[in-house]
**Q** 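I have a structure here, written as structure tokens, and I will follow up with some questions on it.
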Number of protein chains: 2
Amino acid sequence: MTKEDIGVWDVCTNSALRRASRQLSQLYDDVLAPSGLKITQFTLLSQIWRSGDASLKTLADLMVMDLSALGHTLKPLIRDGYVELVPDRSDRRVKRVQLTKLGVQKQEDALALWTEAQARFEKSYGKAQSKALRKDLNLIAASSFADAFRSG
Amino acid sequence: MTKEDIGVWDVCTNSALRRASRQLSQLYDDVLAPSGLKITQFTLLSQIWRSGDASLKTLADLMVMDLSALGHTLKPLIRDGYVELVPDRSDRRVKRVQLTKLGVQKQEDALALWTEAQARFEKSYGKAQSKALRKDLNLIAASSFADAFRSG
DNA sequence: TTTATTTACTGGCATATGCCACTATATAAT
DNA sequence: ATTATATAGTGGCATATGCCAGTAAATAAA
């Protein structure tokens, strides 16, 4: 009977996306474990480094994340001394997100593990396939896609 | 400078996956809002229906979700009377997950909204593309993929 | 300049998800 | 039958993520 043979993930793109996310984050987390960072945290540290000293709002937009959600997620990283929020001098509403020395060091440490995870992923999934998949996913994450979806 | 121009999601498949998940769940949630269900909850109700009366463990495996995580996620749905856990007669450790009449009704109500969301997605992303993407994602969610990743 | 509006962030509450320790069963090994 | 081991769930704790209300500060409007 079809009902039992087909999963929601076979028909619902969102559930397929979340299910794959759970699996992959699990796999990356396992590899990153020795660093004490989860892949989500490593991702944040990496993006904070890449973004220079972006404001919370800017970083939230880049990450396609709710501003307050980002604030919450940063809490453990701030508590552990990897990240700090520096008030902007000109606009006193703004706080800039920066890596501490310890944070930079931690990111660099974990980078080797991430590279290992990424290598394993590409070995299993294919290097070109991986790149194509990221492109597809980044399209979905784009604000232009959200606009199209909402107006459609 | 490359550092600022390239996001983690351009190089890390996991972060690309999570970022796209956040965006898409957001979009689906908005469409489902009138039903009072989040897309994650609708997904669970749908899969519970599809799975007949699977045990928590079976459902967790199907959803590629931690057993206890599934238990937690079901709490609100049980509290609201959409789902119930029925102890198995033969194996007293096992609990079977079932939709209540109210749950079936709720799922059917929300189905129209989900269909709308899915239609919008396919209109923006392409029907064939969507199907291909789900296939890719389901490959990543497969246990065989996890095995390959871990041994790789 | 005084007021209205928009913007950036915070804190509280809720769901999503995972780990670990513990309990209850069931099954295999002796 | 007794003991060892494996399996299914539960409860507590922690992170991930989002909504909403409230505060502070900047900006536009009157």
Side-chain angles (χ1 to χ4, degrees), chain A residues 14-15 17-30 32-33 36-45 54-61 63-80 82-83 85-97 141, chain B residues 14-15 17-30 32-33 36-45 54-61 63-80 82-83 85-97 141:
Chain A
N14 183 265
S15 60
L17 204 41
R18 292 188 75 101
R19 206 170 72 119
S21 283
R22 286 191 293 268
Q23 170 101 287
L24 197 57
S25 287
Q26 197 61 55
L27 296 172
Y28 273 65
D29 276 351
D30 288 348
L32 282 201
L37 292 177
K38 319 278 279 327
I39 181 60
T40 47
Q41 303 179 318
F42 173 76
T43 296
L44 269 176
L45 294 187
S55 67
L56 276 172
K57 173 78 166 94
T58 300
L59 189 57
D61 287 346
M63 296 288 296
V64 187
M65 196 178 282
D66 178 85
L67 172 60
S68 70
L70 174 60
H72 296 152
T73 304
L74 286 177
K75 287 267 171 67
L77 295 173
I78 292 171
R79 176 201 60 202
D80 296 341
Y82 302 141
V83 171
L85 301 183
V86 182
D88 185 283
R89 297 193 181 283
S90 54
D91 189 332
R92 286 189 293 177
R93 293 170 304 180
V94 173
K95 288 188 178 173
R96 305 204 163 275
V97 191
Chain B
N14 184 266
S15 60
L17 204 42
R18 292 189 75 100
R19 208 171 70 119
S21 282
R22 285 192 293 269
Q23 170 100 287
L24 197 58
S25 288
Q26 196 61 54
L27 296 172
Y28 273 66
D29 275 352
D30 288 348
L32 283 202
L37 291 176
K38 320 277 279 327
I39 182 60
T40 46
Q41 302 180 317
F42 173 77
T43 296
L44 269 176
L45 294 187
S55 67
L56 275 172
K57 172 77 165 97
T58 300
L59 190 57
D61 288 345
M63 296 288 298
V64 187
M65 194 178 285
D66 178 86
L67 172 60
S68 70
L70 174 60
H72 296 150
T73 305
L74 286 177
K75 287 266 172 66
L77 296 173
I78 292 171
R79 176 201 59 201
D80 297 342
Y82 301 140
V83 171
L85 300 183
V86 182
D88 185 283
R89 299 191 179 285
S90 55
D91 189 333
R92 286 189 294 176
R93 291 169 304 180
V94 173
K95 288 189 179 173
R96 305 205 164 274
V97 190

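This structure is a prediction, so every number in the text was calculated from the model and none was measured. Sequence lines set the chain letters: A, B, ... in the order given, protein chains first and strands last, and positions in each chain run from 1.
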**Q** Among C:dG11, C:dA26, C:dT17, find the nucleotide with the atom closest to the side chain of A:R22.
**A** C:dT17
**Q** By nearest atom, which of the nucleotides C:dC9, D:dA16, C:dA8 is closest to the A:Q41 side chain?
**A** D:dA16
**Q** Using a heavy-atom cut-off of 4.0 Å across all strands, would you classify B:S25 as base, sugar-phosphate, or nothing?
**A** nothing
**Q** Please tell me which of the listed nucleotides, D:dA25, C:dT17, C:dA16, lies nearest to the side chain of B:H72?
**A** C:dT17
**Q** Taking for each residue the nucleotide of DNA chain C with the nearest heavy atom, is it B:V64 or B:R93 whose nucleotide lies nearer the 5' end?
**A** B:V64
**Q** When the distance from OH of B:Y28 to C1' of D:dT17 is rounded to whole Å, what number comes out?
**A** 19 Å
**Q** Using modelled atom types only, decide if a donor and an acceptor are shared between the side chain of B:D80 and the backbone of B:Y82 within a distance under 3.5 Å.
**A** no
**Q** Quickly work out the B:D66 CG to D:dA14 P distance and round it to whole Å.
**A** 17 Å
**Q** Would you give the length of the straight line joining atom CG of A:L45 to atom CG of A:L74, rounded to the nearest 0.5 angstrom?
**A** 9.0 Å
**Q** Which of these nucleotides, D:dT15, D:dG18, C:dT10, is closest to any side-chain atom of A:A69?
**A** D:dG18
**Q** Just the rounded figure in Å: distance from P of D:dG18 to CG of B:L32.
**A** 16 Å
**Q** Measure the distance from CG on A:L24 to P on C:dG18 and round it to the nearest whole Å.
**A** 13 Å
**Q** Which part of the nucleic acid, if any, lies within contact of A:L67, taking any heavy atom under 4.0 Å across all strands shown: a base, the sugar-phosphate backbone alone, or nothing?
**A** base
**Q** Out of C:dA26, D:dT15, D:dA26, which has the shortest distance to the side chain of A:D91?
**A** D:dA26
**Q** Using side-chain hydrogen bond (donor to acceptor under 3.5 Å, both in side chains), reason through A:T40 and B:R18 one step at a time and then give a plain yes or no.
**A** CA-CA 9 Å; A:T40 47; B:R18 292 189 75 100; 5.5 Å; no
**Q** So B:S90, base contact, sugar-phosphate only, or nothing? Heavy-atom distance under 4.0 Å.
**A** sugar-phosphate
**Q** Just verifying a value: how many Å separate A:M63 CE and A:L70 CG, rounded to the nearest 0.5 Å?
**A** 7.5 Å
**Q** What's the closest nucleotide to the A:Q26 side chain, out of C:dT6, C:dG11, C:dG18?
**A** C:dG18
**Q** In this structure, how many angstroms lie between the C1' atom of C:dT10 and the NZ atom of A:K75, rounded?
**A** 7 Å
**Q** Let me spell it out: for each of A:S55 and A:D29, pick the nucleotide of DNA chain C with the closest heavy atom. Which residue's pick is nearer the 5' end?
**A** A:S55
**Q** Counting N and O atoms only, with roles assigned by atom type, does the side chain of A:R19 sit under 3.5 Å from a partner on the main chain of B:V64, one being a donor and the other an acceptor?
**A** no
**Q** Considering only side-chain heavy atoms of B:T73, which listed nucleotide, C:dT17, C:dT10, C:dT6, is closest?
**A** C:dT17
**Q** Base, sugar-phosphate or nothing for A:T43? Non-hydrogen atoms, less than 4.0 Å.
**A** nothing
**Q** Between B:G71 and A:M65, which residue's closest nucleotide on DNA chain D lies nearer the 5′ terminus?
**A** B:G71
**Q** Rounded to the Å, how far apart are B:K38 NZ and D:dA16 P?
**A** 17 Å
**Q** What is the separation between atom CZ on A:R79 and atom C1' on D:dC13, rounded to the nearest whole Å?
**A** 12 Å
**Q** Look at the side chain of A:R92 and decide which nucleotide, out of D:dA26, D:dT17, C:dG18, has an atom nearest to it.
**A** D:dA26
**Q** Any idea which of D:dT15, D:dG18, D:dG9 is nearest the A:S68 side chain?
**A** D:dG18
**Q** Less than 4.5 Å apart, side chain to side chain, heavy atoms only: is that true for A:L44 and A:L77?
**A** yes
**Q** Heavy atoms from C-beta onward define the side chain here; which of C:dA16, D:dT10, C:dA8 lies closest to that of A:R18?
**A** C:dA16
**Q** In whole Å, I'd like the distance from the CZ atom of A:R96 to the C1' atom of C:dT7.
**A** 14 Å
